[in-house]
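We're numbering straight along the sequence, starting at 1.
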Amino acid sequence: YLFHNTQTRYMCGGKQDFVIAPNLLNNALKNLEALDFVGITERLEEFCFLLAGSLGFDIHEGYTEKQNQNNHKFGIDLTDSETRKALQPLIEYDHIIYTAARIRFM
């Protein structure tokens, strides 16, 4: 389950016992649209500033510095085309969720 459309599963309520199908993707997209705030990892600092401003909080630069992150790659080389090809079917719906989230963020 670590690579099997994890974001899509979360957007469907986090169930781990179902097969991702087009109707569940639609549910995930509807749930994404229902969120008031959507951010993406690549623009985390901007998202935090937007969220804080909307909620009336004052945050300072450096607030979003990543701490306690896992730097272990588990032997997976994501630059390898064969690895990427093997993983693609496991993240195909997550790509759709990410694209929708990115568009909402922009």
Side-chain angles (χ1 to χ4, degrees):
Y1 289 112
L2 291 176
F3 290 109
H4 195 212
N5 293 299
T6 306
Q7 296 304 312
T8 306
R9 289 177 184 279
Y10 286 143
M11 293 306 299
C12 287
K15 289 186 173 185
Q16 298 296 317
D17 59 346
F18 60 80
V19 175
I20 300 291
N23 65 321
L24 293 172
L25 174 62
N26 290 334
N27 289 344
L29 289 169
K30 286 179 188 175
N31 289 339
L32 177 65
E33 284 299 316
L35 296 174
D36 291 331
F37 298 99
V38 175
I40 56 175
T41 302
E42 297 82 40
R43 309 230 358 226
L44 179 62
E45 189 164 332
E46 288 172 79
F47 171 72
C48 287
F49 280 109
L50 289 170
L51 179 62
S54 296
L55 298 174
F57 296 121
D58 184 30
I59 60 173
H60 306 283
E61 289 199 36
Y63 174 80
T64 58
E65 181 182 331
K66 291 182 181 179
Q67 297 178 6
N68 196 26
Q69 69 182 8
N70 183 357
N71 293 321
H72 186 28
K73 302 297 182 201
F74 302 101
I76 297 174
D77 179 7
L78 296 178
T79 63
D80 178 64
S81 62
E82 290 300 313
T83 300
R84 294 174 67 89
K85 184 178 176 182
L87 290 175
Q88 187 57 40
L90 299 174
I91 58 172
E92 66 180 321
Y93 290 134
D94 280 358
H95 277 285
I96 296 168
I97 295 294
Y98 171 79
T99 299
R102 186 171 181 270
I103 290 168
R104 288 263 334 264
F105 178 73
M106 298 301 186

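Of all the heavy atoms in Y93 and N5, the pair that sits closest is N-OD1, 2.9 Å. The minimum heavy-atom distance between T6 and D94, with the atom names listed, is N-OD2, 2.9 Å. Taking both residues in full, the closest heavy atoms of C12 and N27 are given as SG-CB, 4.4 Å, listed atom of the first, atom of the second, then distance. A86 approaches P89 most closely through the heavy-atom pair O-CD, 3.4 Å.
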Verdict with supporting geometry, I96 and T8, side-chain contact (heavy atoms from CB on, under 4.5 Å): CA-CA 9 Å; I96 296 168; T8 306; over 6 Å; no

Steps toward side-chain contact (heavy atoms from CB on, under 4.5 Å) verdict (R43, M106): CA-CA 10 Å; R43 309 230 358 226; M106 298 301 186; 2.8 Å; yes

side-chain contact (heavy atoms from CB on, under 4.5 Å) assessment of Y98 paired with I40: CA-CA 8 Å; Y98 171 79; I40 56 175; 3.9 Å; yes

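At a threshold of 4.5 Å between side-chain heavy atoms, the hydrophobic network of Ile, Leu, Val, Met, Phe, Trp and Tyr places V38 and L25 in one connected group.
Remark: the backbone N or O of M11 is paired with a side-chain donor or acceptor of N31 at under 3.5 angstrom. Panel note: side chain R9, backbone H4; a donor-acceptor pair is recorded below 3.5 Å. A donor-acceptor distance shorter than 3.5 angstrom exists from the side chain of R104 to the backbone of L35, with no hydrogens or angles considered.
A search for side-chain hydrogen bond (donor to acceptor under 3.5 Å, both in side chains) contacts involving D80 returns T83, not counting sequence neighbours.
Inter-residue side-chain proximity for F37 and L50 is flagged as unmet; no heavy-atom pair is nearer than 4.5 Å.
Around CZ of R84, the count of heavy atoms belonging to other residues, nucleotides or ligands within 6.0 Å does not exceed 12. At most 12 non-hydrogen atoms from other residues, nucleotides or ligands lie less than 6.0 angstrom from CZ of F57.
For the atom pair D36 CG and L51 CG, the distance stands at 10.0 Å (nearest 0.5 Å).
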